[in-house]
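Reviewing the structure listed below.
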Amino acid sequence: MNVRGQHYRTIWLKKDNAQVVQLIDQRFLPHQFVVEEIRTVEEMARAIREMHVRGAGLIGAAAGYGMYLAATQGMNLDEAAACLQATRPTAVNLACAIERQLASDDKLKTAQAIADEDAEFCRRIGQHGLQLIRDVAARKNGAPVNVLTHCNAGWLAFVDYGSATAPIYAAHDSDVNVHVWVDETRPRGQGSKLTAWELGEHGVPHTIIADNTGGHLMQRGEVDLVLVGTDRTTYTGDVANKIGTYLKALAAKDNDVPFYVALPSTSFDWQLRDGKEIPIEERGAEEVTRADGWSNGERVEVNLAPLTSRAANYGFDVTPRRLITGLITERGICQPNESSILTMFPEHAPL
Ligand code: MRU
């Protein structure tokens with residue numbers, strides 16, 4: 001996608017030095033655009049754990065490049081895999097990329113293939129989801145199609161295009177009048193910091209809302225479609241995504257608002273039947289009790305809560321398949337159930 005007119009992916013190999021991986025350090029967005037250079041698998045693991053890069057697709061691509069760096073430096077690859085695997089537990093793309101690299105004879109080629117496929121799958125998701133937005137637009141006679149999204153399932157969460165945002169960009173680029181309600185997404189603010197920035201760079205009209213606003217907007221008929229991403233979806237259609245997604249799905253069900261999840265097939269867990277088994281990341285309490293922002297060009301952190309209060313910080317929740325209208329994949333839209341998912345991806349059906 002374009003940043004101030006220049007095309008970027010979120011991660012790439014340095015042009016004149018194949019021993020260095022470059023990535024957009026998302027901790028500084030939207031106020032600074034910083035490119036970080038990564039030289040070792042340990043540095044890559046830190047970048048994932050501390051969320052310089054984040055989002056399921058990008059975590060997978062970063063792990064692919066991390067394994068490549070480990071191989072070029074003659075490191076024990078099982079140790080490199082363990083180091084990367086320990087970073088974040090929920091996104092299944094991480095394990096998927098690591099396993100693919102362990103089985104590969106050409107780590108550079110495979111790292112590039114993981115990244116290229118991620119971008120291409122997201123581009124196709126955009127084409128399949130575009131029709132959904134067009135259908136709503138046709139009923140609205142030129143009035144804006146209001147899409148609500150949670151967290152950042154945009155190009156910053158992948159290598160390019162994004163999952164939930166790909167249909168939005170495709171619609172905007174085809175002159176469909178689309179407007180996005182952007183959930184702020186506490187505690188880390190991926191919506192207000194990242195999704196809003198992305199949409200703004202692409203010229204898509206959007207409005208940031210506090211996380212608890214979605215239900216109210218749905219009751220007033222101001223949301224036509226909810227479109228979110230996922231870090232791990234079972235082959236039966238239960239969806240783990242950023243904490244708060246489940247509440248949006250409940251509100252959508254109660255108000256007859258279609259609730260779609262956009263995902264590349266690398267975010268399916270082909271082993272897990274029940275969403276309750278998905279590992280849910282718990283992060284540091286300070287992400288809840290403190291907040292960071294920018295003041296006079298400097299990053300500042302402040303306390304929000306009493307210094308003596310405890311806080312819990314669950315990163316994800318699971319939306320059961322009964323609340324989901326459909327899954328938008330690179331092969332098309334399927335129903336959130338085992339039979340529809342395995343019909344679309346027959347290579348994963350049990351023999
Ligand atoms: O904690 P994050 O920022 O990595 O969480 C990201 C999300 O929850 C996204 O919605 C998710 O990865 C799906 S889109 C890749």
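Everything quoted here is computed from the prediction, not taken from an experiment. Remember, it's 1-based here, ligands and their atoms both numbered in the order they're listed. Numbers here simply count residues along the sequence, with the first being 1.
Within the structure, ligand 1 lacks E281 among the residues with a heavy atom less than 4.0 angstrom away.
Under 4.0 Å from ligand 1, heavy atoms of A56 appear from its side chain as well as its backbone. Only the backbone of N152 comes within 4.0 Å of ligand 1, counting heavy atoms alone; no side-chain atom from C-beta on gets that close. Contacts with ligand 1 closer than 4.0 Å are made by backbone heavy atoms (N, CA, C, O) of T230 only, the side chain lying farther away. Using a 4.0 Å cut-off between heavy atoms, Q190 contacts ligand 1 through its side chain alone, with no backbone atom that close.
In this structure, the side chains of D269 and T234 stay at 4.5 Å or more apart for every pair of heavy atoms.
With ligand atoms numbered from 1 in the order given, ligand 1 contributes 1 (O), 2 (P), 3 (O) to contacts under 4.0 Å with heavy atoms of M51. Listed by atom number, the atoms of ligand 1 under 4.0 Å from A153 heavy atoms are 14 (S). Annotation for ligand 1: atoms under 4.0 Å from non-hydrogen atoms of G229 are 13 (C). If you number the atoms of ligand 1 from 1 as listed, the ones under 4.0 Å from a heavy atom of A157 come out as 15 (C).
Within 6.0 Å of NZ in K276 there are 12 or fewer heavy atoms belonging to other residues, nucleotides or ligands.
Between S163 and ligand 1, no N or O atom pair is found at a separation short of 3.5 Å. For a threshold of 3.5 Å applied to N or O pairs, the pair formed by G55 and ligand 1 contains at least one separation below that value.
Scanning the protein heavy atoms around atom 6 (C) of ligand 1, the nearest turns out to be R54 NH2, 3.5 Å. Counting only heavy atoms of the protein, atom 10 (O) of ligand 1 lies nearest to N241 OD1, 2.8 Å. Regarding atom 5 (O) of ligand 1, its nearest protein heavy-atom neighbour is K242 CE, 3.3 Å. Scanning the protein for heavy atoms near atom 11 (C) of ligand 1, the closest one is D231 OD1, 2.9 Å.
The residues R273 and E338 are annotated as salt-bridged, a charged nitrogen and a carboxylate oxygen being separated by less than 4.0 angstrom. The existence of a salt bridge linking K193 and D292 is confirmed by a sub-4.0 Å separation between a basic side-chain nitrogen and an acidic carboxylate oxygen.
Applying the 4.5 Å side-chain rule to ILVMFWY residues, one finds L148, W181, I209, L217, M218, V226, V228, Y235, V239, V257, F259, V261, L263, F268, W270, I324, L327, I341, L342, M344, F345 in the same cluster as V223. In the hydrophobic clustering, where aliphatic and aromatic side chains (Ile, Leu, Val, Met, Phe, Trp, Tyr) are joined below 4.5 Å either directly or transitively, W294 groups with F28, V34.
Ring centers of F158 and F121: at least 6.0 Å apart, outside the cut-off.
Of the candidates R232, R283, R188, R88, R88 brings a heavy atom nearest to atom 2 (P) of ligand 1.
The two residues L102 and L77 come nearest to each other via the heavy atoms CD2-O, 3.9 Å.
T90 places a side-chain N or O within donor-acceptor distance of the main-chain N or O of E281, the cut-off being under 3.5 Å.
Atoms CD and NZ, from Q101 and K107 in turn, are 6.0 Å apart once rounded to the nearest 0.5 Å.
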